[in-house]
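Down below is the structure, laid out as structure tokens.
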Amino acid sequence: MARVSFTKMGLCWVAGGVILYAASQQAQSGLLFLVIGILFACYVVNLLEARRGLALLLTPPPAIRASEGQRVSGTWTVANPGNHPAGGLTVVAPWGQFFTVGTVLPRTEAHVTPQSVFPKRGVFRFDELTIHATYPFGFVRWSTNLACAGQVVVYPRVYACGAPPAGGYEPMLGGHFPGSHSARTGDTFRGVRPMQSNDPVKLIHWPTTSKGQGPMVREFDQQLSGRIGLIVGCETDTEEHLDWTARAAASLMLAAQDSAFQLEFVDLQSMQAVSVPPFTDGNSFLEPLARLTRTPETTTPEQLRQAVRMLPARSGLVLVLPALDTKTGEEINNLAEVDRRTVTVYLPTDQPSTGLRVPIRHFDGDAIL
Amino acid sequence: MRHELTRPTSVLLLISAYCQAHVWDLAWTIPVYTAATLLCLLRQGTGRHVGATLQTAVLVAAFASFGLIRETPLRTVHQSIFLGSNVLYVYQLLHTMAPPSLRARQWCVFSSLILIGMGTQVVVNVTAIPVLLVTLILLPKALAQLESERLDASRVYLTPTYRLGKRGSLVVIVLVSLFWLFFPRVGSIHSSALAGAGGALHDQIDMSDSVSDQGSDRMIFRIEGENLGYLKTKALDVFDGQVWSISRWNRVKMRNWEEPPAGAVKREIMVADRKALGVDIPTDGHVHVVWGSTLERGVLTRDGAVHFASIGRREATYYYWTSLKVPRSELPEREWTRNRIAPIASPQLQQWLADTLGDEREPEAQIEILRQRFQQEFRYQTGVPDLDRMAPVDDLIFNQKEGHCERFASAMALLLRLRGIPARVALGYVPSEKNPFGDFYNVRQRHAHAWTEAWYDGQWHIVDATPFGSGIEIEQRQLALTLYEWLQHVWVSKIVEFDVEDQDQALRSVYGFAVASGAAVFAHLPLRTLALAVLALFLLIRLRGGWPLLRFRWTPKRTPRQEAQHFYGDLLRALRKQGITRRPSETPHQLRKRLCQHPAAAHIDQVTDLFCGVVYAGKTLSADDERRAHRAIACVRKADKLNGG
């Protein structure tokens with residue numbers, strides 16, 4: 001439903017027109033009415049022309065992803081199917097002005113790359129965006145919601161940090177940790193040994209074989225990779241702590257990715273496990289983190305126990321929590337001492353960690369301390 | 001820098017400076033104001049601007065200095081308004097030197113329009129036309145430019161700015177005209193065109209006051225007739241030593257209209273400017289009767305003038321019959337006494353009067369002696385200093401010896417009263433400009449005149465003591481000048497002084513014309529013919545596939561690609577009204593596939609095929625294809641209505 005209203009500038013000019021009209025009551029010539037008439041005509045033209053701006057076809061890019069504090073990528077297409085110039089559009093998002101469009105000539109398209117910087121993570125639907133059309137004079141503003149499907153996903157900001165402690169190391173190609181055994185494949189050359197049955201021919205090390213001691217094959221150092229089960233909490237009183245938590249979780253998971261860990265991730269809001277193989281992109285876990293909202297009664301011992309059950313038993317548990325109560329802390333202690341799990345807890349700097357007998361790290365909005 | 005000067009905002013500022021310079025009514029203010037504005041514009045953004053504190057200080061000083069000025073033309077106009085506008089102008093100049101910014105430009109346009117509006121109170125002649133035209137062109141341009149800059153300032157994707165275009169200009173002009181015609185007015189126009197003129201048409205005159213000019217060329221009326229003399233509108237009979245005014249006795253009805261006798265001459269007067277003329281009709285001789293279709297409640301008053309309650313709201317023509325030979329009569333005792341009252345004269349003036357007239361007792365002889373003396377020793381001059389307010393006649397006779405008609409008429413009337421002769425000051429016009437094409441006289445504002453009337457021999461005699469007033473000189477004007485004056489007359493009377501009464505009259509005329517036209521059409525047009533015409537129009541619409549007038553193209557013919565995009569856009573809009581929005585990155589074929597269950601799916605397919613064929617395959621678009629596309633879109637719209645949309 002289109003709404004029409006005066007802009008601030010339009011109101012100022014209305015005031016100017018009222019002053020002139022008041023002066024015209026004591027005027028010595030009727031020419032003052034012509035001057036006011038010009039102003040009036042500008043309002044009417046603005047009212048008619050700005051309405052056309054709402055008929056512009058705005059086509060967003062296929063996917064819009066951005067990070068906190070970064071400009072959004074993707075180019076919007078603004079098409080003017082009408083016979084008249086239109087424009088003067090200002091697309092306003094909940095966080096502020098998204099982008100603006102000047103004049104779009106008839107039968108033409110304009111491509112706009114928003115220069116807007118997203119201050120905060122989250123998911124913003126396009127139908128939450130509002131279009132203001134003020135073409136051409138900026139006196140009158142027609143407004144409507146953008147009738148367009150889609151959304152902007154703003155990922156939490158990530159920073160450099162070390163990978164969290166992992167558990168359940170297993171041989172894996174590309175693993176960053178050397179094992180005690182040798183393997184047929186790998187990055188680090190260990191030596192040669194006589195060829196045995198079932199050894200593939202391509203492993204034959206021809207320089208040593210040619211010295212007459214029989215066929216020799218190559219051996220490599222075994223590569224190991226750990227597993228991490230990461231649990232993210234969302235029960236907190238402050239939105240800031242939740243944002244810190246999302247950033248810390250995203251940074252830890254990316255660091256774990258870089259360390260070639262097998263990652264499983266559960267957030268206590270949706271309670272859905274996401275498996276993230278090493279060397280994949282981070283969209284699968286960054287998007288849930290972008291959608292994370294404050295939810296009460298989610299960081300309970302029962303909820304935590306249920307989340308742990310969704311993760312592999314041999315993985316190192318990493319808990320990134322915005323807040324912690326005593327009962328949940330006892331449950332974490334039980335996980336470490338009774339179930340003998342490798343548990344590391346990450347908490348905001350101003351959250352107390354009394355009673356926890358597991359390694360604790362603290363984080364704020366910009367780093368893990 | 002040149003770019004800054006050619007900006008619409010800068011030109012508007014220059015126009016406002018030109019208007020403000022006119023407030024002072026001095027020749028040197030226009031170049032000074034223009035030069036100051038140009039200088040400030042050239043210094044714009046140089047970094048040597050005036051700070052905010054100094055701006056405020058100058059503003060206060062400007063208020064103070066303008067407020068202290070007393071002896072300027074500001075005194076005669078709305079001083080408070082022009083005081084404010086001049087201070088606003090000074091402030092704007094100081095603001096102009098600041099570094100250019102969007103807010104500064106917005107303020108510049110705003111204040112410029114206010115200043116132009118105030119300037120239209122003084123620039124009322126035809127020079128206001130270019131001012132208004134330039135404002136009409138530049139204001140939308142400046143506003144559009146500011147809006148573009150505002151969007152640019154907030155990191156806009158910069159595209160071409162707004163252009164009003166021919167049609168837009170037409171729309172603006174029509175809207176301005178409609179606003180001017182229909183927007184409610186409250187007050188009447190307080191005409192300034194008569195202020196400062198040498199004419200004496202007010203109900204009182206101050207003989208000590210000076211006038212700056214001889215009156216403008218503004219046409220008041222045209223009069224047709226032979227042997228025209230002084231055309232009197234009123235006579236002032238009360239003198240308090242400084243101001244002549246009209247008594248209520250002089251406004252009392254003197255006699256009824258009478259049948260014009262044989263030998264009476266007929267005069268025809270065409271009023272060109274009813275506001276300037278007022279309700280006192282200028283007449284000469286002994287008036288018998290006045291007739292005019294728009295005259296209301298007229299009387300012949302004791303001062304020998306013709307006064308009406310109203311002479312109508314439009315330009316009027318009226319006639320009067322008069323006898324050039326005025327019949328003798330008796331002056332009532334009351335009037336005799338009233339017209340001989342004079343303030344006590346100074347001994348010096350009494351001595352001068354005695355020396356001039358000696359022992360002469362005949363009124364006619366005394367008048368002739370005094371008139372001769374005024375003609376020989378005094379000089380007609382406007383713009384001379386004010387007379388001494390305590391003794392204006394003494395100051396005129398003994399010191400200044402020059403002045404305009406009001407002073408000589410006042411002095412003569414006073415001197416005659418001092419000699420016991422009833423006398424009064426008459427105001428009116430002296431027609432002296434005969435039109436070369438027609439047998440009539442143009443009477444303009446500068447033909448306004450004041451003279452003395454003295455009573456002797458049973459009638460009021462005209463005594464013109466003004467040195468140039470010994471005879472009426474016939475003027476001749478050039479054709480181009482006559483045409484220019486006509487234009488000016490139309491501009492002033494139809495535009496500048498268009499007030500609430502004129503508006504009411506115009507609206508009544510429009511309404512009356514519409515009603516009369518409608519009645520005429522329906523009265524003379526047979527119903528059968530009307531029905532046939534409606535039927536033919538309906539068939540024409542059906543056969544042509546649309547309303548012919550609406551299908552008229554105002555824009556150049558589009559390319560097939562543009563046309564295809566146009567009708568596909570129409571389709572998307574029609575679907576959007578039904579709640580179906582094309583998803584981002586959805587191709588036309590994907591959209592068509594998604595809408596396969598739509599009641600008008602076949603029509604959507606048809607439009608999509610045409611669109612894709614033209615846009616992606618480079619096919620041409622025939623008129624038949626266009627028609628099919630539009631019909632298909634109409635079917636899509638109807639499908640929504642059938643579904644209860």
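Keep in mind that what you see is a predicted model, and the values were worked out from it rather than measured. First the proteins, then the strands, lettered A, B, ... as listed; each starts at 1.
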Assert top hit (heavy-atom pairs under 4.5 Å, partner chain B, pool A:V44, A:I19, A:L34, A:L20) equals A:L34
How long is the span from the [atom1] atom in [X] to the [atom2] atom in [Y], to the nearest 0.5 Å?
X	Y	atom1	atom2	result
B:H566	A:N80	NE2	CG	11.0 Å
B:T120	A:L32	OG1	CG	4.5 Å
B:S148	A:F137	OG	CZ	10.5 Å

Non-hydrogen atoms of chain A under 4.5 Å away: do they reach the side chain of [X], the backbone, both or neither?
X	answer
B:R561	neither
B:V109	both
B:V171	side chain

Do A:L57 and B:R576 touch side chain to side chain, with heavy atoms closer than 4.5 Å? yes
Any side-chain heavy atom of A:I36 within less than 4.5 Å of one from B:F179? yes
Can you see which heavy atom on B:L139 is nearest to which on A:C42, and at what distance? CD2-SG, 4.5 Å
For B:V176 and A:A41 the tightest heavy-atom approach is CG2-CB, 3.9 Å
Name the one of A:T7, A:N46, A:T103, A:T134 that satisfies side chain to side chain donor-acceptor pair (under 3.5 Å) with B:E147? A:T134
Can you tell me if CZ on B:R594 sees more than 12 non-hydrogen neighbours from other groups inside 6.0 Å? yes
Quick one: which of B:L132, B:L146, B:L113 has the most heavy-atom pairs under 4.5 Å with chain A, could you say? B:L113
For chain A, which candidate among B:V172, B:D570, B:I116, B:V131 shows the most heavy-atom pairs at distances under 4.5 Å? B:V172
Under 3.5 Å, sequence neighbours excluded: what are the donor-acceptor pairs made by side chains of residues 8-17 of chain A?
none

Between B:F183 and A:F40, what is the ring plane arrangement, given parallel below 30°, perpendicular above 60°, and tilted in between? tilted
Partners meeting side chain to side chain contact (heavy atoms under 4.5 Å, CB included) with A:S143 (sequence neighbours left out): A:R3, A:T130, A:H132, A:R141
